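This is a predicted model, so every value here is computed, not measured. Only this structure's heavy atoms are used, side chains among them; waters, hydrogens and symmetry mates stay out. Each ligand, and each atom within it, is numbered from 1 in the order the structure gives.
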Amino acid sequence: MKPSAPEHIASIIPYPPGKPIEELEREYGISGSIKLASNENPLGPSPRAVEAIQAAMSKLNRYPDGSGFYLRKKLAEKYSIPFDGIMLGNGSNELIELIVRAFMTPGGEVIMPEPSFLLYSLVVRWMGGKPVPVPLKTNLGIDLEKMAEAVTPRTKVIFLTNPNNPTGTVITKIDFDAFLSSVPPDLIIVLDEAYIDFNRNPDTPSGFDYIGTQGPSVVALRTFSKAYGLAGLRIGYGTMDPDIAGFLNRVRQPFNTGSLAQAAALAALDDEEFLRKTRQTIWSGLEYLYGEIEKMGLKYFPSEANFFLIEIPCMAKDLFEAMLRRGVIIRSMASYGMERFIRINAGIAGENERFIRTLSRVLPELDGTAPDRGALKP
Ligand SMILES: Cc1ncc(COP(=O)(O)O)c(C=O)c1O
């Protein structure tokens, strides 16, 4: 008899990995495709980060600095946060996992918005916990009141995504503060700020401001994957009370972030010019795309992230296929239970124009009479 994983593992549907672009191009017999599906930086990596990687390569025979000393020191100085309250991760993804691993108990519950980042519920299930999804409000905002109502004595962690993925909506500081005072102080509140660098709403909270405050412990998660263009390196960080960091330190791998990733992130923090250019590209890209989508008579949802949702008159998986055949890779929202929505990130100008051109060609060819299953629930 073959070994079998326990039921809470065997019942998991694995995270659907996308195929490499080169493989998709080979399968579909196309070349020169563009990808607007994964909220990546369309300008490439920060040039200063690339230089730092080149300089650090000669030391690859050594293990990385397991404490991430220089990167944490730089973050502490730049953002005036305590050095001991900064944890590095193999992408902010790893910090999501470490938080749940450190604080989960058998049968423990973790509350999250739905739809939101798919990884939260997956990680909770890995650890034998129970994900408690709370649907968004009809305006697609996170329903903080319903999330507070979902708290039980078994609740350990609450995930909030600000701006949210896939909707791009933000929580305001007033609402966040009211939420914090309405939930028990022994909870961990994760403010996942993967897209905060693109936010233009001045009324949003910064997770950095909640270290050492009264009430529930706020852990802010940030990443170098998006605004700094380092998704392939896998490096992110969390800021939190130092005692919370102490727990996460107990459950992490000793060398969880590589030396090239640390060196690149350190250099990227000084690359103000790249950050400025990235934001400008994303913001002007979004404005252009909103305008063109509106001209096509489609509904879109304005976003504070580098991506946004578009409601379409056909099934998203069909549109995904048709666009892919023409070399434009977008994200179908079907796996989020949103069968008539797609999500795209803003690209550089030529990519945005190609997306619009291709969409206007493809949409009329697709069946617009598919049943309306545009519900935001699975
Ligand atoms: C909401 C959210 N959080 C975290 C991440 C993970 O980022 P990282 O690349 O730092 O692991 C993503 C990536 O897409 C995301 O959308």
Would you tabulate the side-chain donor-acceptor contacts of residues 180-188 under 3.5 Å, counting partners in other chains and residues two or more places apart, or write 'none'?
from : atom 1 : to   : atom 2 : distance (Å)
S181 : OG     : D177 : O      : 3.3
S181 : OG     : A178 : O      : 3.0
S182 : OG     : F179 : O      : 2.8

Exercise. If you look only at pairs with a residue in residues 222-234, which of them pass as a salt bridge (Lys or Arg N to Asp or Glu O under 4.0 Å), with sequence neighbours excluded?
Worked result: E193-R222

For this session: Can you label the angle between the F301 ring and the F341 ring as parallel, tilted or perpendicular, going by 30° and 60°?
Result: tilted

List the atom pairs, donor and acceptor, that lie under 3.5 Å between side-chain atoms in residues 51-62 and the rest of the protein, sequence neighbours left out.
none

Exercise. How are the rings of Y237 and F208 set to each other: parallel, tilted or perpendicular (split at 30° and 60°)?
Worked result: parallel

Exercise. Does the ring of Y28 carry R325 above it, NZ/CZ under 6.0 angstrom from centre and within 45° of its axis?
Worked result: no

For this session: At a heavy-atom distance under 4.0 Å, which protein residues reach ligand 1? Sort them by chain and number, would you?
Result: G91, S92, N93, F117, T161, N165, D192, A194, Y195, T223, S225, K226, R234

